[in-house]
J.: 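Pasting a structure here, questions to come.
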There are 2 protein chains.
Amino acid sequence: MSAQSAEQLLHLETLSETERKILLGALHCFIQQGYFNTRIPDIVAASGVSTGSIYHHFKDKQHLAEALITQLINGLDQAMAKLISQHETPMEQIHALIEWMLTLTDAEPELVSFILYARHREFLPHQPPLCTQQPFEKMRSLVVRARENGDLPPLDEMVLTAAVFGPTLRIMQAAVDGVLPRPAHTYSAALFATIERLSTASAEV
Amino acid sequence: MSAQSAEQLLHLETLSETERKILLGALHCFIQQGYFNTRIPDIVAASGVSTGSIYHHFKDKQHLAEALITQLINGLDQAMAKLISQHETPMEQIHALIEWMLTLTDAEPELVSFILYARHREFLPHQPPLCTQQPFEKMRSLVVRARENGDLPPLDEMVLTAAVFGPTLRIMQAAVDGVLPRPAHTYSAALFATIERLSTASAEV
DNA sequence: GTCTATATAGCGATAGAC
DNA sequence: GTCTATCGCTATATAGAC
């Protein structure tokens, strides 16, 4: 069951008890079966809240999903902000972020799968793509600051972000697809080694 | 309209004219609206084939999608095999593959989006994840051969594959999400520079 | 605010003529 | 093999009691 640390990512304090139960139940269903395979009665069963109550709090299934995604992105953003604040240099922050991403993948593979594969626009056409939102913005700004520090080479910002976080995201995807022989977090050192190599490469070529 | 080069990727020669029309129509719908948002009448309109005929050739909507994905993966695999056969060394093959992936992204963003975001297991629970299949297998074997050649450092196979192809896949994703300032293929040199850096890094650390 | 019971619309799939 | 017409079901959403 993914609700334990998912619950920590959805900062639900401002919501009523019923709304929290509905959102957590829906998240559980969406993670396991996807949005389209989830029927309202599934959410009723998972949340312990009746159909009528669900529709009292949320206009329809789509608006419920919208509220959930918003909360999830905000939660991710806050978790990342807290993590970043605990470290000094951009490279240390990148390192910590990568370790956290890998650890989260081991702890909550289905949640991570939901976020990674999240073709949210298929069911939420008005949602901007995930990579334009705060969490990915944070990655980009970390990379840019590391580049300014001289810790990363003076390459294009998009390419550099892709080179720093792309490999980790691929490993996470392999993990949730079940094709990774060891737990995801055991790859953190090797992944960080590839980033080190970006910066220490001999300046020729 | 994505059917032009999509058609080249779906090697449809062995199929009847009707089956080709159905698969192309369905692909067009799935690419644009996703599997769940596509109704049978949509496929009827897109293919010009009647409901009855569709159900004569395919057991149901799910089996139609299955046939389509199979054709698509086979087509990708064959296109990649041809491309690889035209080059000598593993590194040249990797280079050519990356250029091809980026060019395809510019030419067929919606098709690439469909493949990349492909949470196909949501509608095809029995389909193995894309990254276990031939196209990704090919990437892995190229990387392993380049490593044996000494062109890539002796890092873990999964990490190395992620480091070589992960950044390109991230750029492709950014492109199809519309957050890339320039066409995807213009990033190929910078992306290949990051791979060069993997191998030429000073051996210390 | 929460619940149960139900309406209704729209979808996948089929029947059967040609 | 292809088509039109239609069935039956199921899922969303609502009505209305408490």
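For the numbers below, each heavy atom of this structure counts, side chains included, while hydrogens, waters and symmetry mates do not. Below, chains carry the letters A, B, ... as their sequence lines are ordered, and counting in each starts from 1.
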J.: Could you tell me the separation between the CD1 atom of A:I54 and the P atom of C:dG1, rounded to a whole number of Å?
T.: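 The distance from CD1 of A:I54 to P of C:dG1 comes to 15 Å, rounded to the nearest Å.
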J.: Could you identify which residues of residues 37-47 of chain B place a heavy atom less than 4.0 Å from some atom of DNA chain C, listed by residue number, or say none?
T.: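 Per residue number, the list reads B:T38, B:R39, B:I40.
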J.: Please examine the side chains of B:V176 and B:M172, heavy atoms only from C-beta on, and report whether any two atoms are closer than 4.5 Å.
T.: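 Contact flag for B:M172/B:V176 side chains = no.
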J.: Can a side chain N or O of A:S50 be found less than 4.0 Å away from OP1 or OP2 on C:dT4?
T.: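 Negative; the distance criterion is not met.
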J.: Tell me the interatomic distance from B:Y55, atom OH, to D:dT2, atom P, rounded to whole angstroms.
T.: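 Those two atoms, OH and P, are 16 Å apart.
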J.: Under the 3.5 angstrom rule, does the side chain of B:T161 hit a backbone N or O of B:E157 as a donor-acceptor pair?
T.: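 Such a contact is found between B:T161 side chain and B:E157 backbone.
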J.: To the side chain of B:S53, which of C:dC3, C:dG1, D:dC3 is closest?
T.: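 Comparing C:dC3, C:dG1, D:dC3 against the side chain of B:S53, the answer is D:dC3.
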J.: Rounded to the Å, how far apart are A:F58 CZ and D:dT14 C1'?
T.: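 Roughly 18 Å, once rounded to whole Å.
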J.: Between A:L83 and A:Q86, is any pair of side-chain heavy atoms under 4.5 Å apart?
T.: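 Contact flag for A:L83/A:Q86 side chains = yes.
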J.: In whole angstrom, what separates A:F123's CZ from D:dT12's C1'?
T.: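 Spelled out: CZ on A:F123 to C1' on D:dT12 is 17 Å.
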J.: To the nearest Å, how far apart are B:K61 NZ and C:dT14 P?
T.: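 Taking atom P of C:dT14 as the reference, NZ of B:K61 is at 15 Å.
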J.: Taking the side chain from A:E110 and the backbone from A:Q32, do they hold a donor-acceptor pair closer than 3.5 Å?
T.: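 Looks like no, no N/O pair under 3.5 Å.
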J.: Report the relative orientation of the aromatic rings in A:F36 and A:F123; use parallel for angles under 30°, tilted for 30 to 60°, perpendicular for over 60°.
T.: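 Ring orientation, 0 to 90° scale: perpendicular.
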J.: Calculate the interatomic distance between B:D60 atom CG and D:dC9 atom P; express it in whole Å.
T.: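 These atoms are roughly 17 Å apart.
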J.: Starting at atom CG of A:L64, determine the distance to atom P of D:dA11, rounded to an integer number of angstrom.
T.: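 It is 17 Å, rounded to the nearest whole Å.
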J.: Using a heavy-atom cut-off of under 4.0 Å over every strand shown, decide if B:S16 touches base, sugar-phosphate, or nothing.
T.: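 Result for B:S16 = nothing.
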J.: Can a donor-acceptor pair be found, under 3.5 Å and without considering hydrogens, that links the side chain of A:D42 to the backbone of A:R39?
T.: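 Yes, because the side chain of A:D42 sits within donor-acceptor range (under 3.5 Å) of the backbone of A:R39.
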J.: For the side chain of A:H56, counting heavy atoms from C-beta on, which of C:dG1, C:dA5, D:dC3 is nearest?
T.: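 Taking heavy atoms from C-beta onward, the closest nucleotide is C:dG1.
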J.: How long is the line joining NZ of B:K59 and C1' of C:dT14, in whole Å?
T.: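 Checked: the NZ to C1' distance equals 13 Å.
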J.: Among the candidates D:dC3, C:dT14, D:dA13, find the nucleotide nearest to the side-chain atoms of A:T51.
T.: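 For the A:T51 side chain, the nearest candidate turns out to be D:dA13.
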J.: Heavy atoms from C-beta onward define the side chain here; which of C:dA13, D:dT2, C:dT2 lies closest to that of B:T18?
T.: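 Looking only at side-chain atoms, B:T18 lies closest to D:dT2.
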J.: Strictly distance-based, threshold 3.5 Å: is any side-chain N or O of A:D156 a donor or acceptor partner for the main-chain N or O of A:M158?
T.: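 Confirmed, A:D156 side chain pairs with A:M158 backbone.
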